[in-house]
A.B. asks: 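Once you've had a glance at the structure underneath, I'll fire off some questions.
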Amino acid sequence: MRQTIRPIALVASESPEAQEALARLRSFYETVDPEDADIVVALGGDGFMLHILHRFMDTGKPIYGMNKGTVGFLMNDFREDDLSERLDKAVQSEIRPLQMTAIDDVGMRHTALAINEVALFRQSYQAARLKISIDGRTRLEELVCDGVLVATPTGSTAYNLSAQGPIIPIEAPLLALTPVSAFRPRRWRGALLANRQVVDIEVLEAEKRPVNAVADHREVKSVRHIEIREVRDLGSLILFDPEHSWDERILAEQFRY
């Protein structure tokens, strides 16, 4: 018998596992189009979840993910039963994105939003040379590295953590500024910034040492200058099961070894 719950929409990645789960859930639950839903249930992995969080940003629709991907840090466990009860008990968090404004080598301006991080990477075999300013004041005259990233609390457990950056609790008003394979200054491990601060990065020797910028899924090639700031008037809503809340995930990640 099909179960009736408050209006939900089901969306799924293109993977066979996610599509199979989508078909089964549709046989159990009444669903509506995403535009008419109170809650959007996303089936897939973390990459798909990021895409859905972007798609429904600033709509007021919370996203409840169920893992049909690999890692699933942004997802809840997949189960077919008790979906209505799980949604009623789910804990909601709000995610605020970063805005990247990048100027490329021909002077074009590119703007994009990032839920996880904004990252710069060297484009060639030569290390990047970057000048980093915070709120208009130069803090590093020259960082020689493979790249650098600014991560939100949401993204702090993703690529930022792999680059030895700090894990940030979801409610903390902080951003992580983390180098990737820093060569000079060799001992610099990055910084924690207040989320109200603006990061300004200038690419030095841009023609000789080209750099690309990436905001989640959006890439801009051959950037000369980039500004990164948190957007206070935009947000995405995400839901977690209370026994596996975001706070619990963050704590568990910090005590892994």
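Sequence positions, counted from 1, serve as the residue numbers for this chain.
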A.B. asks: Out of curiosity, L43 CG to I52 CD1, how far, rounded to the nearest 0.5 Å?
C.D. replies: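 So the CG of L43 and the CD1 of I52 are separated by 9.5 Å.
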
A.B. asks: Is any side-chain heavy atom of I168 closer than 4.5 Å to one of L192?
C.D. replies: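 L192 vs I168: side chains touch.
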
A.B. asks: Can you tell if the side chain of D77 reaches within under 4.5 Å of the side chain of N67, non-hydrogen atoms only?
C.D. replies: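 The answer is no; the side chains never approach within 4.5 Å.
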
A.B. asks: So does A114 get a backbone contact from the side chain of R218, meaning a donor-acceptor N/O pair under 3.5 Å?
C.D. replies: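 Not at all, since once roles are kept as given, no pair shorter than 3.5 Å links the two residues.
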
A.B. asks: State which residues pass ring-ring contact (aromatic ring centres under 6.0 Å, His included) with F48; sequence neighbours excluded, sorted by chain then number.
C.D. replies: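 For F48 there are no ring-ring contact (aromatic ring centres under 6.0 Å, His included) partners, ignoring immediate neighbours.
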
A.B. asks: Who pairs with R186 by side-chain contact (heavy atoms from CB on, under 4.5 Å), at least two apart in sequence or on another chain?
C.D. replies: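 For R186, the residues satisfying side-chain contact (heavy atoms from CB on, under 4.5 Å) (neighbours in sequence not counted) are F183, R184.
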
A.B. asks: How many angstroms lie between atom CD1 of I115 and atom NE2 of H54, to the nearest 0.5 angstrom?
C.D. replies: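 Reported value, rounded in 0.5 Å steps: 4.0 Å.
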
A.B. asks: Working to the nearest 0.5 Å, report the span between CD of E202 and CD1 of I132.
C.D. replies: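 Interatomic distance, E202 CD to I132 CD1, rounded to 0.5 Å: 11.5 Å.
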
A.B. asks: What about I103 and I201, same hydrophobic cluster or not, with Ile/Leu/Val/Met/Phe/Trp/Tyr joined at side-chain heavy-atom distances under 4.5 Å?
C.D. replies: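 As far as the 4.5 Å side-chain criterion goes, I201 and I103 are not connected within one cluster.
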
A.B. asks: Decide yes or no for T152 and R96: does some side-chain heavy atom of the first lie under 4.5 Å from some side-chain heavy atom of the second?
C.D. replies: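 The answer is no, as the side chains (C-beta and beyond) never meet within the 4.5 Å cut-off.
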
A.B. asks: Between K131 (side chain only) and L204 (backbone N and O only), is there a donor and an acceptor less than 3.5 Å apart?
C.D. replies: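 No: the side chain of K131 does not pair with the backbone of L204.
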
A.B. asks: Membership question, hydrophobic clusters at under 4.5 Å side-chain separation (ILVMFWY): are L10 and Y29 in the same one?
C.D. replies: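 They do share one cluster, since a chain of ILVMFWY contacts under 4.5 Å joins Y29 to L10.
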
A.B. asks: Measuring from atom CG of L174 to atom CG of N195, what distance do you get when rounded to the nearest 0.5 angstrom?
C.D. replies: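 Here the interatomic distance stands at 7.0 Å.
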
A.B. asks: Quick one: do L234 and Q99 satisfy side chain to side chain contact (heavy atoms under 4.5 Å, CB included)? Show the steps, please.
C.D. replies: CA-CA 10 Å; L234 287 177; Q99 178 176 283; over 6 Å; no

A.B. asks: Write down the atom of E171, the atom of S93, and the distance for their closest heavy-atom approach.
C.D. replies: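 Heavy atoms of E171 and S93 come nearest at OE2-OG, 4.5 Å.
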
A.B. asks: Got a donor-acceptor contact below 3.5 angstrom from the K61 side chain to the E35 backbone?
C.D. replies: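 Between the backbone of E35 and the side chain of K61 there is a qualifying donor-acceptor contact (under 3.5 Å).
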
A.B. asks: Check whether V180 and L140 end up in the same hydrophobic cluster, where Ile, Leu, Val, Met, Phe, Trp and Tyr are linked by side-chain heavy atoms less than 4.5 Å apart.
C.D. replies: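 V180 and L140: separate clusters.
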
A.B. asks: Quick check: closest heavy atoms across A176 and N160, and the distance to 0.1 Å?
C.D. replies: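 That would be CB-OD1, 3.7 Å.
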
A.B. asks: Is there any ring pair (Phe, Tyr, Trp, His ring centres under 6.0 Å) pair reaching into residues 97-152, and which pairs are they, with sequence neighbours excluded?
C.D. replies: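 Every pair satisfying ring pair (Phe, Tyr, Trp, His ring centres under 6.0 Å) with a residue in residues 97-152: F121-Y159.
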
A.B. asks: Report yes if some heavy atom in the side chain of L25 is under 4.5 Å from a heavy atom in the side chain of T31; otherwise report no.
C.D. replies: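 In short, these two side chains do not touch, never coming nearer than 4.5 Å.
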
A.B. asks: Which residues satisfy the side-chain contact (heavy atoms from CB on, under 4.5 Å) test with R79, sequence neighbours excluded?
C.D. replies: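 D81, R86.
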
A.B. asks: Could you give the distance from OG1 (T154) to CG (N116), rounded to the nearest 0.5 Å?
C.D. replies: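 So the gap between those two atoms works out to 6.5 Å.
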
A.B. asks: Please say whether more than 12 non-hydrogen atoms of neighbouring residues, nucleotides or ligands are located less than 6.0 Å from CD in E205.
C.D. replies: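 Enclosed.
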
A.B. asks: Same cluster or not: L22 versus L83, using hydrophobic residues (I, L, V, M, F, W, Y) connected whenever any side-chain heavy atoms lie under 4.5 Å apart?
C.D. replies: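 Yes, it is one cluster - the side chains of L22 and L83 are joined through contacts under 4.5 Å.
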
A.B. asks: May I have the step-by-step check of side chain to side chain contact (heavy atoms under 4.5 Å, CB included) for L193 and V150, ending in yes or no?
C.D. replies: CA-CA 9 Å; L193 307 176; V150 178; 5.5 Å; no

A.B. asks: Are any non-hydrogen side-chain atoms of V203 and L130 less than 4.5 angstrom apart?
C.D. replies: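 Heavy-atom side-chain distance check passes, below 4.5 Å.
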
A.B. asks: Measure across R209 and A127 and return the closest heavy-atom pair with its distance rounded to 0.1 Å.
C.D. replies: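 Shortest heavy-atom separation between R209 and A127 comes out as NH1-O, 3.0 Å.
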
A.B. asks: With ring pair (Phe, Tyr, Trp, His ring centres under 6.0 Å) as the rule and sequence neighbours excluded, what pairs involving residues 60-89 come up?
C.D. replies: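 The answer is none; no pair qualifies.
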
A.B. asks: State, to 0.1 Å, how close M57 and G235 come at their nearest heavy-atom pair, and which atoms those are.
C.D. replies: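 Scanning both residues, the minimum pair turns out to be CG-O, 3.5 Å.
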
A.B. asks: Where do A213 and V223 come nearest, in terms of heavy atoms and distance?
C.D. replies: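 Shortest heavy-atom contact: CB-CG1, 3.9 Å.
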
A.B. asks: Check side-chain contact (heavy atoms from CB on, under 4.5 Å) between I167 and all other residues, then give those that pass, not counting sequence neighbours.
C.D. replies: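 Testing I167 for side-chain contact (heavy atoms from CB on, under 4.5 Å), a comparison that skips the adjacent residues, returns S156, T157, L161, I250, E253, Q254.
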
A.B. asks: Would you say the side chain of S13 lies within less than 4.5 Å of the side chain of K68, judging by non-hydrogen atoms?
C.D. replies: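 Counting from C-beta outward, K68 and S13 never come under 4.5 Å.
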
A.B. asks: Kindly indicate whether the side chain of E117, heavy atoms from C-beta on, has any atom under 4.5 Å from the side chain of L98.
C.D. replies: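 Not touching, per the 4.5 Å side-chain cut-off.
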
A.B. asks: Any sub-3.5 Å donor-acceptor pair from T138's side-chain atoms to E141's backbone N or O?
C.D. replies: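 No, because the side chain of T138 does not come within donor-acceptor range (under 3.5 Å) of the backbone of E141.
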
A.B. asks: If only atom types and distance count, is the side chain of S222 paired as donor or acceptor with the main-chain N or O of D104 below 3.5 Å?
C.D. replies: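 A pair under 3.5 Å: no.
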
A.B. asks: Look up atom CG in D88 and atom CD1 in I39, then write down how far apart they are to the nearest 0.5 Å.
C.D. replies: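 Reported to 0.5 Å precision, the distance equals 7.5 Å.
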
A.B. asks: State whether R122 and D146 are salt-bridged, where the test is any N-O pair (Lys NZ or Arg NE/NH1/NH2 against Asp/Glu carboxylate O) under 4.0 Å.
C.D. replies: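 Looking at R122 and D146, the cut-off is met.
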
A.B. asks: Would D241 and K89 count as a side chain to side chain contact (heavy atoms under 4.5 Å, CB included) here? Give the steps.
C.D. replies: CA-CA 7 Å; D241 293 329; K89 292 181 178 179; over 6 Å; no

A.B. asks: Take atom CZ in R229; do more than 12 heavy atoms of anything else shown fall under 6.0 Å from it?
C.D. replies: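 Open: at most 12 neighbouring heavy atoms sit under 6.0 Å from CZ of R229.
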
A.B. asks: Please test L175 against Q197 for side chain to side chain contact (heavy atoms under 4.5 Å, CB included), starting from the C-alpha separation and ending with a verdict.
C.D. replies: CA-CA 9 Å; L175 303 173; Q197 293 179 305; over 6 Å; no

A.B. asks: Report whether I226 and V199 are members of the same hydrophobic cluster (ILVMFWY, side-chain heavy atoms less than 4.5 Å apart, transitive linking).
C.D. replies: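 Hydrophobic grouping puts I226 with V199.
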
A.B. asks: Run the side chain to side chain donor-acceptor pair (under 3.5 Å) test on D200 and H225 for me, step by step, so that the C-alpha distance in whole Å, both residues' side-chain angles and the decisive distance to 0.1 Å come before the verdict.
C.D. replies: CA-CA 8 Å; D200 191 276; H225 178 269; 2.8 Å; yes

A.B. asks: With a 4.5 Å limit on heavy-atom distance, are the side chains of Q164 and T178 in contact?
C.D. replies: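 Side chain of Q164 against side chain of T178, heavy atoms only: no contact under 4.5 Å found.
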
A.B. asks: Is it true that atom CD of E207 has more than 12 heavy atoms of other residues, nucleotides or ligands lying nearer than 6.0 Å?
C.D. replies: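 No, because the 6.0 Å sphere around CD of E207 holds 12 heavy atoms or fewer from other groups.
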
A.B. asks: What heavy-atom pair brings C145 and A182 nearest, and what distance separates the two atoms?
C.D. replies: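 The answer is CB-CA, 4.0 Å.
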
